[in-house]
Amino acid sequence: MQNPTDAPVSPTYLATGHPTDLAAGLRLPTNGLDYTILAIYFVVVLGIGFAARRSVKTSLDFFLSGRSLPAWITGLAFISANLAATEILGMAANSAQYGAYTVHWYWIGAIPAMVFLGLVMMPFYYGSKVRSVPEMLLLRFDRAAHLLSSILFAFAAILIAGVNLYALAIVVEALLGWPQWVAIVVAGAFVLAYITLGGLSSAIYNEVLQFFVILAALIPLSVLGLKKVGGWDGLVDRLTATHGHNFATAWGGTGIGSVNPLGANWLTIVLGLGFVLSFGYWTTNFAEVQRALSAKNLSAAQRTPLIAAYPKIFIVFLVMIPGLVAAALVPDIGTSGSDLQYNDAIPYLMSQLLPNGVLGIAVTGLLAAFMAGMAANVSSFNTVFTTDIWAKYVVRGREDGYYVRFGRLITAIGVCASIGTAFLASSFSNIMSYLQTLFSFFNVPMFVVFVVGMFWKRASAKSGFWGLLAGTVTAMVNYFVLYKRGVIGIPTDQGANFVSAIAGFVAGAVVMVIVSLFTAPKPEAELAGLVYGTTSPGMTEAPSPGDEAWYRRPALLGWGAVIIAAACYIPFSFSFSFSF
C-alpha cells in the first residue's frame, strides 16, 4: 500500500477534461486476487440475467417485471439505481469542493421527496396502472404533453447514462490502466447483455446485489480515510485550518448576502434544492419510479421509496467522508495549483489507502455502481421509448411479442447512444454539477406539471404541454444565457442550478395557470384517480394479509425516515444563522 506523502501525482486532465498521464500517478497495484474478485462479479451478473430470462413472457414482464416483486427487493433496487458511479464520484467531488454542505443533497434534498413519492404520488402512479411516468401525463393532460415529456425523458436518460459511462472510463483508466474505449465497451456490453436477457427483473436483482457490493467498497475507504486524518475531530481541524470554519458545517455562512463555499444561501438551498430539484427528481424520474411500479401491490409500491429512504439517510457519510478526506490531504484539490480534479477524490484515496483484495472489492464496487446507474437509465429509456413513443405514435396495434423484441433492440441502441453522450460530461470537473444541471432542465418542469395537475382540477388538458415547454426553456435560458454569459452573478454552477430550478418551476406554474384560464378543463369524470381527492379502483385495493403490521404501514415508515433525517441534521447545524 502506498504512502500519500511518497506517491507522486502526475498531471491530471487537460482543458478538454480527458485523462492524460493521471493513470500513472493513481495506478492501483492490483494483482490476481483483485482481478479474480472482479471476474466472479461479472459471472454472477450474467448468471442473474440468464436466470431472469425464463420469467420474461410478455411485455409487462420485460418492462415492469410483471408487477410481481416484493417491497424489500424493489426498495433496495430503488436506492441502488440512485447510488450510481455518478452519485459516488459526484458526491465525493461535491464534498471535496463544497464541504459538509453535501448533507443537504440527502437530508433535505432526498428524504422528504422520497416520503412524498411513497405516501402521496405512488397511489396515483400504481392505481392508474401506467407503465411509465409520461403515460401519467397522457391520462391527466393530452397527447401533446405526453409526447413532449416522453421525448425529453428519453433524451435525458441517454445523457445521464452517458455520464455513468464517462465516470467509469476515467476511474478504470486511472486505477487499472485500461484504455477508455475498453472500459466503456466491456461494461456497456455487460449491461446490455443482462438487460436484454432478463429485462427489468434482471436489472433489479442485479441492483440488489450491486447495493451490497457498493457498500463493501465504500465502508473500508471511509474508515481508512478517517484513520489517516486522525478521526472525525482531526478531519474537522484540518478542514477548518485550510478551508475555513464553514467548510465543515452544513448551514454556516448561508445567510442571505453571506459568502460560503457552495455559493448559495439558505433560501435557495431550501427552495431550489430541498423543494424544486429534489421533488422534481424523486417524484418524476422514471429510472427510480419504475422500480416501485414493478412491486406486487399498491402497499409494496408505496413502501419501495420509504424502505430506500433509510439507507439513503446514512449513505451520505460514505460518499461525503472520502471527499472531505481528499480535501484535507490535498487542500488545493480542484484548483489550478493541483494536478487533481474534484472528480479524482475517490480514485486518489483508493490508490493511497487500500491493500490488495480490498482493492478488488473497491474496483468491483465502482463498476457495480456504474452498472446500476446505467442499467436504471437504460431500462427506463427502453420502456419509455417502446411504450410511450413507438407503440403509441409510430407502430401501433402490433402483437405483444413484437414490442418485447423491439424493447430489446432499442436497449442496444440506447447503450450505443449513451457512448456518444459520455464525452459531453468531460467539460465538467464536477460531474454532480452536470447532473444537477440536467435535472433542472428535465425533471423540474415535469414536476411542476405533475403537481399542478394533481392538486388543481381546473388545470386544462392544453396546460400540460405549454407548462412543460415553458419550464424547460426558462431553466435553459437562465443557465446558458443569464448565468453563463454573466448577466446575473451566481458564484458556482450548483448555485446556478438551484436558481434555474426555481425559475423553471415558477415559469411552468405561471404558464399552466394562464393557459388553463383560457382553455377548457377536462371533464371531472376523466379525472378519477388523477387528481388529489379523487380515487380510482386501483387506489383503494384491500390490504394483503400481514400488511397491517406496523413496519408495513407506509405512513409510519415515511414519518420515521423524516424524523431520523431531521435528527441527523443537528450536529451539522450549529453555525446556521438567519442573516437578512
Side-chain angles (χ1 to χ4, degrees), residues 71-96 98-118 207-227 229 231-233 235-236 248-251 273-274 278 281-282 288 291 303-326 345-346 349 361-362 365-366 368-369 372-373 432 551 556-573:
W72 74 271
I73 291 287
T74 56
L76 290 181
F78 188 98
I79 191 63
S80 181
N82 172 253
L83 192 60
T86 50
E87 174 87 359
I88 295 173
L89 294 182
M91 284 304 176
N94 248 15
S95 303
Y98 304 124
Y101 295 96
T102 299
V103 300
H104 296 311
W105 271 266
Y106 289 77
W107 298 334
I108 193 174
I111 304 303
M114 294 169 77
V115 172
F116 182 83
L117 171 63
E207 284 160 3
V208 173
L209 168 66
Q210 289 156 353
F211 173 74
F212 294 104
V213 174
I214 292 167
L215 292 185
L218 292 178
I219 290 173
L221 194 64
S222 300
V223 171
L224 293 175
L226 280 178
K227 183 179 179 181
V229 295
W232 181 258
D233 291 338
L235 176 62
V236 172
T249 66
W251 292 103
L273 173 62
S278 67
Y281 173 80
W282 290 103
E288 308 292 340
R291 273 75 195 144
R303 296 199 306 271
T304 294
L306 304 178
I307 291 172
Y310 285 88
K312 185 71 174 177
I313 293 171
F314 302 104
I315 284 173
V316 60
F317 296 107
L318 299 182
V319 295
M320 180 179 69
I321 288 174
L324 296 179
V325 170
I346 291 284
L349 292 187
I361 295 174
L366 282 182
M432 187 51 63
Y551 54 86
L556 289 178
L557 286 175
W559 283 111
V562 170
I563 291 170
I564 294 174
C568 288
Y569 249 133
I570 296 174
F572 293 89
S573 302

Of all heavy-atom pairs linking Lys312 and Trp282, the shortest is CE-CZ2, 3.8 Å
Between His104 and Ala250, is there a donor-acceptor pair closer than 3.5 Å when you use the side chain of the first and the backbone of the second? yes
Which value, rounded to the nearest 0.5 Å, describes the distance between Thr102 atom OG1 and Trp107 atom CH2? 10.5 Å
How many angstroms lie between CD1 in Ile111 and CG in Leu306, if you round to the nearest 0.5 Å? 10.0 Å
Indicate yes or no: at least one non-hydrogen side-chain atom of Met320 is less than 4.5 angstrom from one of Tyr106. no
Rounded to the nearest 0.5 Å, the CZ atom of Arg303 sits from the OG1 atom of Thr74 at a distance of 8.5 Å
Rounded to the nearest 0.5 Å, what separation is found between the CD1 atom of Ile214 and the CD1 atom of Ile219? 11.5 Å
How many angstroms lie between atom CG of Leu218 and atom CD1 of Ile88, to the nearest 0.5 angstrom? 4.5 Å
Are the side chain of Ser95 and the backbone of Gly323 linked by a donor-acceptor contact shorter than 3.5 Å? no
Heavy atoms only: give me the nearest Val325-Leu349 pair and the separation to one decimal. CG1-CD2, 3.9 Å
Look only at the side chain of Tyr310 and the backbone of Leu557, and say whether a donor-acceptor pair between them is shorter than 3.5 Å. yes
Quick one: closest heavy-atom pair of Ala345 and Ala96, and the distance? CB-CB, 4.5 Å
Any heavy-atom pair between the side chains of Phe317 and Val103 that's under 4.5 Å? no
Please assess Ile315 against Phe211 for the test side-chain contact (heavy atoms from CB on, under 4.5 Å), listing each intermediate value before the final yes or no. CA-CA 11 Å; Ile315 284 173; Phe211 173 74; 4.1 Å; yes
Can you find a heavy atom in the side chain of Tyr101 that is under 4.5 Å from one in the side chain of Asn94? no
Can you name the nearest heavy-atom pair linking Val115 to Ala561, along with the distance? CG2-CB, 4.3 Å
Value for CE (Met114) from CD (Glu288), rounded to nearest 0.5 Å, stands at 7.5 Å
Does Ser278 use its side chain to pair, donor to acceptor, with the backbone of Leu273 at less than 3.5 Å? yes
Over all atoms of both residues, closest heavy-atom pair of Cys568 and Ile313: SG-CG2, 3.8 Å
Are any of the side-chain heavy atoms of Trp232 and Val236 separated by less than 4.5 Å? yes
Would you name the heavy atoms of Ala362 and Ala217 that are closest together and state the gap between them? CA-CB, 3.6 Å
